[in-house]
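First up is the structure itself, then whatever we jot down about it.
In this text the structure is predicted, and so the values were computed from the model without any measurement. Sequence positions, counted from 1, serve as the residue numbers for this chain.
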Amino acid sequence: MPSNDFKSEAIVLRRTNYGETDRIVNFLTPSGSKSALAKGARKEKSKLAGGIEVFCLSDITIHERSSDGLGILTSTKPKHFYENIVKDLETLEFASNILKSASKLSSAIESPDLFNLVKEIFEALDTKLLPINFIDIYYILNYAEISGEGINLISDSNGAKLDKDSKYFWDSFAKVFAKNDDGNFNASHIKLLRLIIAGNLKTISRVKDLDKYTSDFVVIANSFK
């Protein structure tokens, strides 16, 4: 493989029509965002078209050029199309917003974590693993973690270590737990939040009575929007 060819798994972030038959495609990859010109992609029999569909996981090859920074997409191989995402309007709108936010962050960082997060979210939406509202919580909190503004699950507002015998309320302005005997957050909340950050959605889906935490976690997630 030539040294200036880039091969990777990829998810399409956005596509822009270019000229009469081409497209400029921005991909999310484990190496960050990559842009490429897909020549003839809008032609009826284009070999590139199938691998640049939105909500499709593909293997791609980009011939990178140093002249203008825009590579040439030379091959695509679709691996999985998340077809159930496009079958439901609410899911489609949610997934589209995921792509918009991922596109914004991918231009600032190069981390496989963001690609893995979006891939995991799409798999969960496609299989209806969890309700959208909990998937949204998971995405927001992990997105914040990747961007360097993650939730503090070590200490409270006074710098004391979070402990299993205390109750807390969530300070949305400071984005921190504050110890309070009347607080509605306890050790079970903290434990699950740690699982959300360190774990994965398949593991979380096996947690009993998950729905009883959702409304509390929505309050936290809204602080990071």
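Minimum interatomic distance between Pro78 and Cys56 (heavy atoms only, all atoms of both residues): CB-SG, 4.0 Å. Nearest heavy atoms, Gly71 versus Ile62: CA-CG2, 3.8 Å. Between Asp22 and Gly40, the shortest heavy-atom contact is OD1-N, 2.7 Å.
Inter-residue side-chain proximity for Leu193 and Phe177 is flagged as met; some heavy-atom pair is nearer than 4.5 Å. Two residues are said to be in side-chain contact when any heavy atoms from C-beta on lie closer than 4.5 Å; Arg14 and Leu99 fail this criterion. Contact of the Asn26 side chain with the Ser103 side chain is registered, since non-hydrogen atoms from C-beta on lie closer than 4.5 Å.
Under the side-chain hydrogen bond (donor to acceptor under 3.5 Å, both in side chains) criterion, Thr203 pairs with Asn200, not counting sequence neighbours. Scored by the salt bridge (Lys or Arg N to Asp or Glu O under 4.0 Å) test, Glu145 finds no partners at all (sequence neighbours excluded). For Arg42, there are no salt bridge (Lys or Arg N to Asp or Glu O under 4.0 Å) partners at least two apart in sequence or on another chain. Qualifying side-chain hydrogen bond (donor to acceptor under 3.5 Å, both in side chains) partners for Ser101, counting only residues two or more places apart in sequence or in other chains: Tyr139. Residues meeting the salt bridge (Lys or Arg N to Asp or Glu O under 4.0 Å) test with Lys39, sequence neighbours left out: none. When the side-chain contact (heavy atoms from CB on, under 4.5 Å) test is applied to Ala160, the partners found at least two apart in sequence or on another chain are Asp156. Under the side-chain contact (heavy atoms from CB on, under 4.5 Å) criterion, Thr127 pairs with Leu129, not counting sequence neighbours. Applying the side-chain hydrogen bond (donor to acceptor under 3.5 Å, both in side chains) criterion to Ser31, with sequence neighbours excluded, gives no partner residue. Evaluation of the salt bridge (Lys or Arg N to Asp or Glu O under 4.0 Å) rule for Glu83 yields Lys87 as partners, not counting sequence neighbours. With sequence neighbours excluded, the residues satisfying side-chain hydrogen bond (donor to acceptor under 3.5 Å, both in side chains) with Tyr138 are Glu120.
Here the side chain of Thr76 pairs a donor or acceptor atom with the backbone of Leu48 at under 3.5 angstrom. The closest donor-acceptor contact from the side chain of Arg15 to the backbone of Arg23 lies at 3.5 Å or more, if one exists at all.
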Please report, to 0.1 Å, the donor-acceptor pairs under 3.5 Å made by any side chain of residues 214-225, with sequence neighbours excluded.
residue, atom, partner, partner atom, Å
Thr214, OG1, Asp211, O, 3.4
Asp216, OD1, Asn184, ND2, 3.0
Asp216, OD2, His189, NE2, 2.9
Asn222, OD1, Lys225, NZ, 3.4
Asn222, ND2, Val218, O, 3.3
Ser223, OG, Trp170, NE1, 2.8
Ser223, OG, Ser172, OG, 3.4
Ser223, OG, Val219, O, 3.3
Ser223, OG, Ile220, O, 3.4

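A ring pair (Phe, Tyr, Trp, His ring centres under 6.0 Å) check over residues 102-123, counting only residues at least two apart or in different chains, returns the pairs Phe55-Phe122, Tyr82-Phe122.
The environment of Ile154 atom CD1 is sparse: at most 12 non-hydrogen atoms of other residues, nucleotides or ligands sit within 6.0 angstrom.
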